[in-house]
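One structure is given here, and the rest of the page talks about it.
Since the model is a prediction, treat every value here as computed from it, not as a measurement. Letters A, B, ... are given to chains in the order of the sequence lines, protein chains preceding strands, and every chain is numbered from 1.
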Amino acid sequence: MGKGLPKRSENYSEWYNEIVKRAGLAENSPVRGCMVIKPYGFAIWEKMQRALDDMFKATGHENAYFPLFVPRSFLEKEEEHAEGFAKECAVVTHYRLKADPDGKGLMVDPNAKLEEELIIRPTSETVIWNAYKNWIQSWRDLPILINQWANVVRWEMRTRLFLRTAEFLWQEGHTAHATEPEAIEETEKILGLYADFAENWMAMPVIQGLKTPSERFAGAVETYCIEALMQDGRALQAGTSHFLGQNFAKVFDVKFVNKENQLEYAWATSWGVSTRLMGALIMAHSDDNGLVLPPKLAPIQVVIVPIYKSEEDLAKISETVEGIVADLRNAGISVKYDDSDNQRSGWKFAEYELKGVPIRLGIGMRDVENGTIEVARRDTLTKTSVPIEGVIETVNVMLEQIQQAIYQKALRFREENTFSVDNWDDFTRQIEKGGFVMAHWDGTADTEEKIKNETKATIRCIPLVSADEAGKCVFSGKDSARRVVFARAY
RNA sequence: CGGGGCGUAGCACAGCCUGGUAGUGCGCACGGUUUGGGACCGUGAGGCCGCAAGUUCGAAUCUUGCCGCCCCGACCA
C-alpha cells in the first residue's frame, strides 16, 4: 500500500475510488459493475439502516420481504414503468445447467427454458402491488405501510463503487392508501424523514424538491427528492419519494370498498434510499487524508493508540486505558483500543485518519505519569492534551461538536457554491464551474432538454421551499414563476 | 455502444521495441535493533506472465483470435 491518497483537486474520481478501497469500504467484484462491501463499509451501512429503520418504525411502517424475481408479464403492466426499466434488466431465461458435451464445464440446458422469463427486480412495485391485490378489500385494510430491505439489479452501462452499481442494497417503502391526500401526505412525510436523516445523521445538507416530469420515476405521478451537493460541485440525488397515484392499483386491479360502499382504486407511494448514500457520505465530508465520518454513523467513534517502547510500558499504558475504554463504553461510545504490535503508532495515526475515525486518543508513558491523554480530532486534524480524569466528558462533547461542525462545513460549502444567475452566458459559465445554479425556467420539457444537451446540466429539483419570484427563463426568455435548481449530477 | 488505458507474486509496477526460461518496491513469515506522525537491517516464502492457437530449437516478449477489468462520454439512483 502506498502512502498518500490522490488529491481531490487533482483527480476527484481517482481520489474517490482510492478512498473507498483504501479505507476498506468496498472493492470491485469479478462481475462487472458489482461490488463487495467489506466489513468496515458494511458497518457504516448497518448504522444507516438502523437509524432509518427506527425512523420508519416510529412512523408506523413495518418490514416485509418480497421475491427477487419479477415475472415479465408483471413488469409489462404499467406502461411507463416498463419503458423506464426495460433497458436495464437482468433476465433469467433458464433454470438449469448441464455438463457441456463438447468440452469441460457447464452450459445452459436448452431443455430448461422458462415458460415466462423472470426479471431480477430493478424495483418491486409490480410484485408488491400484485400481492396487495389480495390484501386489500375494504377501506379498513388501509393504509398498508410496508418497507423492505433488499437488493435490486439495474444493468447500468457505467458503474462506480457505491454511486452506481449493477446490484445495490436499498430499502423500498411501498404504501397503499384510501385517499389521494393521504398518499401525498405519506410521500411528503417520507421526504421529510429522508432530509432529517441526511442532515442529522449524515451531516449532509439537502434541498427538498420536486422532480420535473421528465426526471420523474417511471410510473410516478409526482417524484419528490432530496439533492445534495458534492465537493466537486456536482449534485447527487440522495433519496426519492414517489406519489404513484392509482397507476399501479389500476394495472394490478387493487380496488377497495370505501365507507360509502363504493369501489375505488387504492392510492400508492413508493420511496427509497440506497447504498448510494455511502457514496454521498464519502464525498460530502472526506479530505485528502481520507474519510471523515460523522460520529453518529462511525463504526468506531474513538480509537485509542498506545505509544510505547517496551512491553512493560505497554502493560502500564493498557492498565490505564482499560478504565477509559470501560467508561467510554458505559457512556455509549464505540471505542477500539489498538494495541496491536505489528504497526507503530505513526502508522496507526495515518490509518485511522484514512478510516475517518472521529476521535483518536493517544497515550504514552509521559501521559500515564502526568495523568493526561492526547485528543485528536479527525475533522480539523487538531490535537490537544487533556487530563485523563475528564476525558469521557471531553470526548462526549467533542463527538457532538464534530457532528455539528461537519454539517456546518458542508452547509457553508453548499451556500458558497449556490449561485443565482439570470442570463445564458452566466448560466453556462457557472454550470461549467460547478455548484447549484438557481435559475428561471419556463416550465417546458423542451427547454429542459435543450439546456441538458447544451450544458449537461439537469434540473435537480423544483425546491419545495422557495420564494415565488417572477422572472424570465434563462434559456428561452419566457415567463417563469420561480427559480429551479440546475446542476451537473452523478 | 463510441474513445482511451491495462491484464506479470496479496497490492503497485518494471521487463516486451531488439525472443534465451522472471524482477523491483510495498505487504507477508522469522530474528534483531527501534518506537510521541506512515522505522530499519538480515533471512525467507510466494508466479501456468488473462485464455487459446500460431511462428520458432526456444515465447512474458512476435502474430492472430478470444476473455476480462479500469477510466472518459452517451444512459441512469
B:rC28 and B:rG15: how far apart are their C1' atoms, nearest whole angstrom?
-> 24 Å
B:rU18 and B:rC71, which share atom name P, separated by this distance in whole Å | 34 Å
Check every strand shown and say whether [X] touches a base, only sugar-phosphate, or nothing at a heavy-atom separation below 4.0 Å.
| X | result |
| --- | --- |
| A:Glu215 | nothing |
| A:Gln237 | sugar-phosphate |
| A:Leu236 | nothing |
| A:Thr372 | nothing |
| A:Phe168 | base |

Applying the Watson-Crick and G-U wobble criteria at under 3.5 Å, what pairs with [N]? Answer none if nothing qualifies.
| N | value |
| --- | --- |
| B:rG36 | none |
| B:rA12 | B:rU24 |
| B:rG31 | B:rC41 |
| B:rG2 | B:rC72 |

Salt bridge A:Lys409-A:Asp287, side-chain N to carboxylate O under 4.0 Å |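 Salt bridge: no.
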Taking only Lys NZ, Arg NE, NH1 and NH2, and the carboxylate oxygens of Asp or Glu, determine whether A:Arg50 and A:Glu46 approach each other closer than 4.0 Å.
->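 Answer for the salt bridge query: no.
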Expressed as a whole number of angstroms, how long is the span from [X]:[atom1] to [N]:[atom2]?
| X | N | atom1 | atom2 | result |
| --- | --- | --- | --- | --- |
| A:Glu311 | B:rU35 | CD | P | 14 Å |
| A:Asn453 | B:rC75 | CG | P | 8 Å |
| A:Ile307 | B:rU34 | CD1 | C1' | 15 Å |

Determine whether any donor atom in the side chain of [X] lies under 3.5 Å from an acceptor atom in the base of [N], or the reverse, and answer yes or no.
| X | N | result |
| --- | --- | --- |
| A:Arg360 | B:rG37 | yes |
| A:Glu351 | B:rG37 | no |
| A:Lys383 | B:rG37 | yes |

Which residues share a ring pair (Phe, Tyr, Trp, His ring centres under 6.0 Å) with A:Tyr224, sequence neighbours left out | none
Which of A:Leu293, A:Leu399, A:Ile402 passes side-chain contact (heavy atoms from CB on, under 4.5 Å) with A:Gln301? It is A:Leu399
Enter the distance from A:Gln171:CD to A:Gln49:CD here, rounded to the nearest 0.5 Å.
->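 Atom-to-atom, A:Gln171:CD and A:Gln49:CD are 9.5 Å apart.
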First of A:Ile373 and A:Phe162 reached from the 5' end of RNA chain B, by closest nucleotide =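 Of the two residues, A:Ile373 wins.
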Nearest-nucleotide check on RNA chain B, A:Ala238 vs A:Met157; residue mapping nearer the 5' end is A:Met157
Which pairs count as salt bridge (Lys or Arg N to Asp or Glu O under 4.0 Å) when at least one residue sits in residues 338-349 of chain A, sequence neighbours excluded?
->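 Checked against salt bridge (Lys or Arg N to Asp or Glu O under 4.0 Å) - neighbours excluded - the pairs reaching residues 338-349 of chain A are A:Asp338-A:Lys348.
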Using the six-membered ring wherever Trp is involved, compare the ring planes of A:Tyr132 and A:Phe66 and label them parallel, tilted or perpendicular (cut-offs 30° and 60°).
-> perpendicular
Using a distance-only test with no angle check, is there a side-chain donor-acceptor pair under 3.5 angstrom linking A:His174 and A:Glu172?
->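 Checked: A:His174/A:Glu172 side chains pair up, N/O donor to acceptor below 3.5 Å.
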All N/O contacts under 3.5 Å from nucleotides 69-71 of chain B to the protein, with atom names and distances to one decimal?
| unit_1 | atom_1 | unit_2 | atom_2 | d |
| --- | --- | --- | --- | --- |
| B:rC69 | OP1 | A:Arg32 | N | 2.9 |
| B:rC70 | OP1 | A:Asn28 | OD1 | 3.3 |
| B:rC71 | OP1 | A:Asn17 | ND2 | 3.1 |

